[in-house]
Number of protein chains: 2
Amino acid sequence: MKHAATSEAFPDAAHDHAECISTALAAAEDTCRREGLRLTPIRRRVLELVWQNHRPVGAYDLLDQLSRDGKRAMPPTVYRALEFLQGAGLVHRIATLNAFVGCSHPDHAHQCQFLICSDCRTVVELESENIGRSLKREAAALGFQVREQSVELTGLCPECHPAH
Amino acid sequence: MKHAATSEAFPDAAHDHAECISTALAAAEDTCRREGLRLTPIRRRVLELVWQNHRPVGAYDLLDQLSRDGKRAMPPTVYRALEFLQGAGLVHRIATLNAFVGCSHPDHAHQCQFLICSDCRTVVELESENIGRSLKREAAALGFQVREQSVELTGLCPECHPAH
DNA sequence: CAGAGATTGGTATAATATAACAGCACGTCA
DNA sequence: TGACGTGCTGTTATATTATACCAATCTCTG
């Protein structure tokens with residue numbers, strides 16, 4: 001049994017992958033149309049693969065998966081696609097894992113924080129204004145002007161920790 | 001002219017390097033003696049180099065600097081030393097830079113946050129209980145139990161931003 | 001259609017990190 | 001004393017992640 005609070009943030013293992021992939025892709029199409037960005041076939045495919053994995057996935061894993069489509073892909077292909085997707089706010093890079101995840105809130109610009117389960121590797125994207133503000137405030141107190149934040153919390157998700 | 005608040009956190013370019021290195025090394029000796037850890041010559045030397053740079057420094061830069069001592073060092077040598085130093089809380093790894101900095105508060109265990117100037121590459125280590133608590137609280141609200149935090153804020157330090 | 005700019009393909013290589021095994025130093029315990 | 005265990009170092013090799021660079025192609029716009 002799980003709290004109501006967790007059921008939204010941490011996806012059920014049995015949730016409908018196919019649907020969340022197609023939702024993400026549809027959202028991406030929208031975003032790109034709105035912003036005048038080109039979601040080309042490769043970029044779309046990479047985004048699809050990122051969501052298919054539904055956990056942080058390395059560039060070279062994506063590369064392997066891309067290559068299974070038929071034609072062998074090279075590293076720059078996937079890195080370029082990822083760079084575009086990050087720029088468009090459709091994908092985030094997890095620095096502590098050298099890996100990428102689909103953005104859960106692609107519809108608007110935001111600074112976010114990640115909860116990374118070290119057991120099942122699930123990642124949840126938090127979007128706490130509160131944390132963002134605290135960080136900026138503490139930095140500003142030292143005269144530091146924040147441009148980017150990378151906040152990655154590693155630990156155990158509700159499904160994986162002993163209390164469960 | 002600079003605020004009082006910044007003078008402690010962000011080291012003056014003209015501050016006495018030699019002293020801050022020797023202070024750090026003395027603190028490291030203490031810590032290791034207290035914890036029963038062995039600060040061997042290599043480990044001590046790597047720590048010294050980290051402090052000499054006094055900004056985040058890559059493992060391969062350290063390797064080059066080590067090699068200038070006479071005998072050519074190999075990657076595992078420096079990575080092992082860094083691993084030890086991290087374990088001992090004497091050095092932190094900056095995930096967004098794949099680089100290492102000396103820990104400013106090696107005398108006690110702590111979770112910390114980094115302010116990274118994208119212009120001059122200076123890094124300041126914040127140790128905000130406040131932020132640590134907020135992060136844990138927000139995570140706990142989703143049933144997530146935090147074990148490690150990586151908080152890295154990139155932006156402009158007081159010396160480098162336009163307002164200065 | 002011509003030209004500019006964006007996108008892709010491909011080669012090569014850079015930069016970061018670890019696996020695996022051999023040898024040595026040092027303490028300890030029979 | 002000496003045999004063993006443990007931890008540290010040396011060394012080779014390789015894995016993993018990421019980018020520089022140039023050529024070819026596509027797409028949009030005027």
Side-chain angles (χ1 to χ4, degrees), chain A residues 28-29 32-33 35-50 53 55-88 90-101 121 150 152, chain B residues 28-29 32-33 35-50 53 55-88 90-101 121 150 152:
Chain A
E29 307 269 17
C32 290
R33 201 168 313 118
E35 314 260 333
L37 300 173
R38 294 174 52 197
L39 189 62
T40 61
I42 294 181
R43 292 167 176 177
R44 191 177 195 286
R45 179 72 178 123
V46 169
L47 182 60
E48 187 178 13
L49 288 172
V50 167
N53 284 273
R55 1 181 100 18
V57 56
Y60 280 74
D61 286 344
L62 290 170
L63 197 52
D64 286 346
Q65 294 172 40
L66 258 189
S67 292
R68 269 183 235 122
D69 286 355
K71 51 194 167 193
R72 200 167 74 257
M74 297 316 222
T77 299
V78 73
Y79 279 103
R80 281 188 295 232
L82 287 168
E83 188 180 13
F84 168 86
L85 294 168
Q86 285 175 86
L90 298 171
V91 152
H92 294 294
R93 181 168 190 276
I94 308 290
T96 53
L97 300 175
N98 296 327
F100 303 83
V101 285
R121 313 306 268 177
S150 160
E152 302 177 11
Chain B
E29 306 269 17
C32 290
R33 201 169 314 118
E35 315 260 333
L37 301 172
R38 294 175 51 195
L39 190 62
T40 62
I42 294 181
R43 292 167 177 178
R44 193 178 194 285
R45 180 70 179 125
V46 169
L47 182 60
E48 188 178 11
L49 289 171
V50 167
N53 284 274
R55 350 181 111 14
V57 55
Y60 279 76
D61 286 345
L62 290 170
L63 198 52
D64 286 346
Q65 295 173 39
L66 258 188
S67 292
R68 269 183 233 122
D69 286 353
K71 50 192 170 196
R72 199 169 73 258
M74 298 313 227
T77 299
V78 73
Y79 279 102
R80 281 190 293 230
L82 288 168
E83 188 180 13
F84 169 86
L85 294 169
Q86 285 175 87
L90 299 170
V91 153
H92 295 293
R93 181 166 191 277
I94 308 290
T96 52
L97 300 175
N98 294 328
F100 303 83
V101 285
R121 312 306 266 175
S150 161
E152 303 178 10

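Residue numbers start from 1 in every chain, and the chains themselves are labelled A, B, ... in the order their sequence lines are given, proteins ahead of strands.
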Is B:Thr40 close enough to D:dT9 that one of its side-chain N or O atoms is under 4.0 Å from OP1 or OP2 there?
yes
Would B:Leu90 and B:Cys32 count as a side-chain contact (heavy atoms from CB on, under 4.5 Å) here? Give the steps.
CA-CA 10 Å; B:Leu90 299 170; B:Cys32 290; 4.1 Å; yes
Can you pull out every salt bridge (charged side-chain N to carboxylate O under 4.0 Å, His left out) where at least one residue sits in residues 70-82 of chain B? Sequence neighbours excluded, please.
none
Start and end of the DNA chain C segment that chain A contacts, any atom under 4.0 Å from a heavy atom
C:dT7 to C:dT11
Please state how far atom CZ in B:Arg44 lies from atom P in D:dT9, giving the value in whole angstrom units.
14 Å
Test log, rule side-chain contact (heavy atoms from CB on, under 4.5 Å), inputs B:Leu39 and B:Arg33
CA-CA 8 Å; B:Leu39 190 62; B:Arg33 201 169 314 118; over 6 Å; no
CZ/A:Arg44 to CG/A:Leu85 distance, rounded to the nearest 0.5 angstrom?
11.5 Å
Look at atom CZ of B:Arg121 and say whether more than 12 heavy atoms of other residues, nucleotides or ligands are closer to it than 6.0 Å.
no
Got A:Met74 and A:Leu63 here, is their nearest side-chain heavy-atom distance under 4.5 Å?
no
Could you write nucleotides 13-30 of chain D as a row of B, S and -, 5' to 3', where a protein heavy atom under 4.0 Å of any base atom gives B, of only sugar-phosphate atoms gives S, and otherwise -?
----BBBBB-----S---
Assign each of A:Ala81 and A:Met74 to its nearest nucleotide of DNA chain C by heavy atoms, then name whichever residue's nucleotide is nearer the 5' end.
A:Ala81
What is the distance from atom CD1 of A:Ile42 to atom CD of A:Glu48, rounded to the nearest 0.5 Å?
13.5 Å
Evaluation steps, side-chain hydrogen bond (donor to acceptor under 3.5 Å, both in side chains), between B:Thr96 and B:Glu152
CA-CA 7 Å; B:Thr96 52; B:Glu152 303 178 10; 2.5 Å; yes
